[in-house]
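Everything below concerns the one structure shown next.
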Amino acid sequence: MFTRLKQRSNSQTTAQPSRNIALLLLAAVLVFVSFSLIASVLTWILLLVVCGAIIRGAIYFNYYKHLPSIRTLNLLAILSILGLIYSALSAGLLFGMVNLLILACALKLMKMRSEKDVYQLVISLLFLIGCGFIFNQSIGFSLFYVLLSLTLLLSLACYHAPSINIQKQLKTISTLSVQALPIGLLMFLVLPQLPPLWHTPKAKGAQTGLSEQITPGDIASLSQSSELAFRATFSETPPIARQRYWRAIVMEDFDGKTWRVHPYRQKVREFQLKTKQQFKPKLTGSFFNYEVIAEPTNQPWLFALDIAVPANAQSIRNIMQSGDFLLFNQQPIVSKYQYAVRSYPEALASQSLTANDKRINLTLPQKGNSRTQEWISDLRTKFPNNDDFVKAVLDYFVNQPFVYTLRPDVMLVDPVDRFLFDNQAGFCSHYASALAYALRLGGIPARIVTGYQGGELVENAGQSPYLSIYQYDAHAWVETWRNNTGWQRVDPTALVSPDRIEFGLRQAMQDEGSFLADSPFALARLTNIPWLNNIRLFLADLDYNWSRWVLGFNSEKQRDLFKSILGKLTPERLSILGVGVTLTIALLLSLFFLPHWLQNRLGTTQHLYLRALGAFEKAGTQRETWQGPSAFNQQIDEHYSEKISQPFTQITQLYLRLIYQNKPDAGASVLNTKQCHRMMRHHLALLKAELSKKPT
Amino acid sequence: MLHNKLDMAIEQSCQVLIGKQQQVKLALTCLLANGHLLIEDLPGMGKTTLSHTLAKVLGLEYSRIQFTSDLLPADMLGINIFDNNEQTFRFHPGPIFNQLVLADEINRASPKTQSALLEAMEERQVSLDGKTRPLPSPFFVIGTQNPMHQSGTYPLPESQLDRFLMRIQLGYPDKEAEKSMLKTQLGSVQHEVKAVMDIAQFIELQNEACKVHASDELLNYILRLVTFSRESNQFANPLSPRATKALLSSAKASAFINNRDFLIPEDVQAILPAVAEHRLRSASSDFSAQGSLSKLLLEAIDPIAA
């Protein structure tokens, strides 16, 4: 095997470098793709990828000339498969498949000996790039993957035509891609947007954003992140900042330190998922519609203003409403997710409280936080009326010198006591936790809701306004039940730091300087430099439009598009559209190919002669591709009877005369071109008749 | 009328070189296209006989230089000798000042001598001691060379091989031809070769051959061949523009010999092995692969496709 390889490389010394470039490019593509999926690729497989790339690099730079032997590779493949089976069993199908694909590519890279290997690798890599879109869909990654695909094409071109230099190849590739672009765009818009035929298996990824439990101090780390959480597009004017409380998770189980989602609610939700039963809240008052594009969180929670119900068919199918007025998706959100909801801001008050709800929302740990317990029992004796009592508790937050800070002291033992009476400095989760605890002590049902508050409003002319909500907008607040008013949102943070609610975290933290203190280069931190802020807003806008119009282009949007083009969707109009699109694609293709065709269009002489050749081909005699006309004529003379060879000789003579003879001479002779063609046709008819007589 | 002379020339030559009509035609084609000829074969195959016969038949002045390793350029080009009577230097022209020069076993001479000859071939003139002397017209060199693997040879470099319009091999005659050779040349009947034309007629024939018509389709065919040799990776040494010119002129001469006033692809195919093989590869070290490269080239291109 190796000697053969060596011979080949000797005989193709000129071709080899360019082919090596092609293989090196393939190696680079593999490395980049696998590192873009680093979160879900096993480390040892990445190691194999790097090994393969190093072998390719070494061969390219002539440090080393041997590929690993087939036997070594087979052994490696068997061991890797065993290893992969071991790790994939626990991690799920998608994970296993992606790893298998990368593994196969890496091994192929070490074994590229024949043309077949190269094609297989190219195709696998294209598929791998496709897989990349399962995990990364942002505009940056899309550009990155497009670049990788182009590199792949380039390597294919380099491999195919090694003697052409790389600049020329690049030009070819870019021309082809630009030509493909309009057709691709049209197909994206017009081809039916089918839902996935299979469910994307759960990708194993780190959960981001809010979590299902909250210990005062948790949200502080979230508020150091300037990553996008979700965007919401409103058809009308969005509500003002003070009312933008985005519900995500309700926590009702408190152990003195940490709030959790109550196990009962979790069970109900699982039951709901099994039976596909929706909880139907009472909907009253005015409402407004909006669309949300959520970033992947790997959690099922969705974000919406109080109280929201799914608003379009697709959302109704996928989104469930739970008993605590939360929206959750049937699968965790592993990629950008778009849904439409309708919110009834006044409906929260008109919900009912079941006995079960009441019990859950009054349960308290027996031990700990004794000072708070004493304080509340004093207060309760002073204010037996519920409203007065709540007012007194809230007044405490207002009157005491509470400070809103992102850098509170750590409170490990009796956190509520320490917060209320010693430190009196903290942020939303401290305030919410303390208030909810205090209210429960006083016998008033209360719970913590986490989510986001506020958001950055972007209003572009001619476009629906949209809000960008970042991780640092994460917030926690309290909901209490009172018999006369129903559920009410109470936000103690608003009492202490109204700036946080009105103007967002950045404004609130201006004095302290702790806004995004851990990421000094985050663009969001540098809003006081105008041009940087403009860049940030521009990037955010770009990302928003990408998510909304490209990623969010689903069957419904497609129908809207058709409607806006056709007015009304009737079968006739749809078929007209289909024909129109097909024609457009055909037109685009012909624009590209027409000059080519015109150039290659055969003259009559050529055409007639080729028809004669075709007749012989049918009869079983094929001209060798390199045979000239008179040589072939001679062959026919030898193999066929005179009846057949005679007309063909005539045809050949006429053909030679028309194609190769000096034109003015031909004109001066007895026959002109037209007469020659007529004679050719005549002889062709004779020939065909004779050939059809003769059994082959 | 002139054409008859050409046929007669071929006929005459074939009486001496029995069974070698193909090679004789190619050699004549080469001379008609005003090119130099390289004959490559083993000793005793009739290389010298062929050139000698051609010179006689075409009525050309003929000289023969036997190339050896100690042959100096002056031995070939001539020298200036001091004449005591006239007290000046007089030029004594060397054997190269002839219309047809047979450079026998060209690859036995040192590169210095080889290059002196090749310069004369290209420029058709000789520069000696500051004076340039034109060579007679027409001027042909028929080089013969032994295959490279024979001992004591200096292979001709690629650039010099390129100066030869054609390279042909004679090869062994078949049984019949060899028998008839034995009968005629060593038997009682001896063929006396006579000149069939004079120089003026030969030059006219050359001019006529130039007028053969080459259509656009045919030029495209030649260009496709040449381009393929450059774009494919199978040839170490693709065809140069000089080779393109050589292809066309030889094909014209070949068509002319076949009494046709326009070119067809078969003309190109007939001369391509002789014209292209030695240019595609620097030297043939492998006799078994003879003709394989030009065959590869020929079979890759369809002469009919537009």
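Sequence lines set the chain letters: A, B, ... in the order given, protein chains first and strands last, and positions in each chain run from 1. Here the structure is a predicted model, which is why all the values come from computation and not from measurement. Note that these values count all heavy atoms, side chains included, but never hydrogens, waters or copies made by symmetry.
Within 6.0 Å of CD on A:E642 lie no more than 12 heavy atoms contributed by other residues, nucleotides or ligands. Atom OH of A:Y119 sits in a crowded spot, with more than 12 heavy atoms from other residues, nucleotides or ligands closer than 6.0 Å.
Neither the backbone nor the side chain of A:E624 comes within contact range of chain B; no heavy atoms are under 4.5 Å apart. Heavy-atom distances place both the backbone and the side chain of B:E299 under 4.5 Å from chain A. B:L218 touches chain A through backbone and side chain together, each having a heavy atom under 4.5 Å away.
Between B:D267 and B:R260, at least one side-chain N (NZ, or NE/NH1/NH2) sits under 4.0 Å from a carboxylate O, which counts as a salt bridge.
Between A:Y640 and A:F616, the gap from one ring centroid to the other is short of 6.0 Å.
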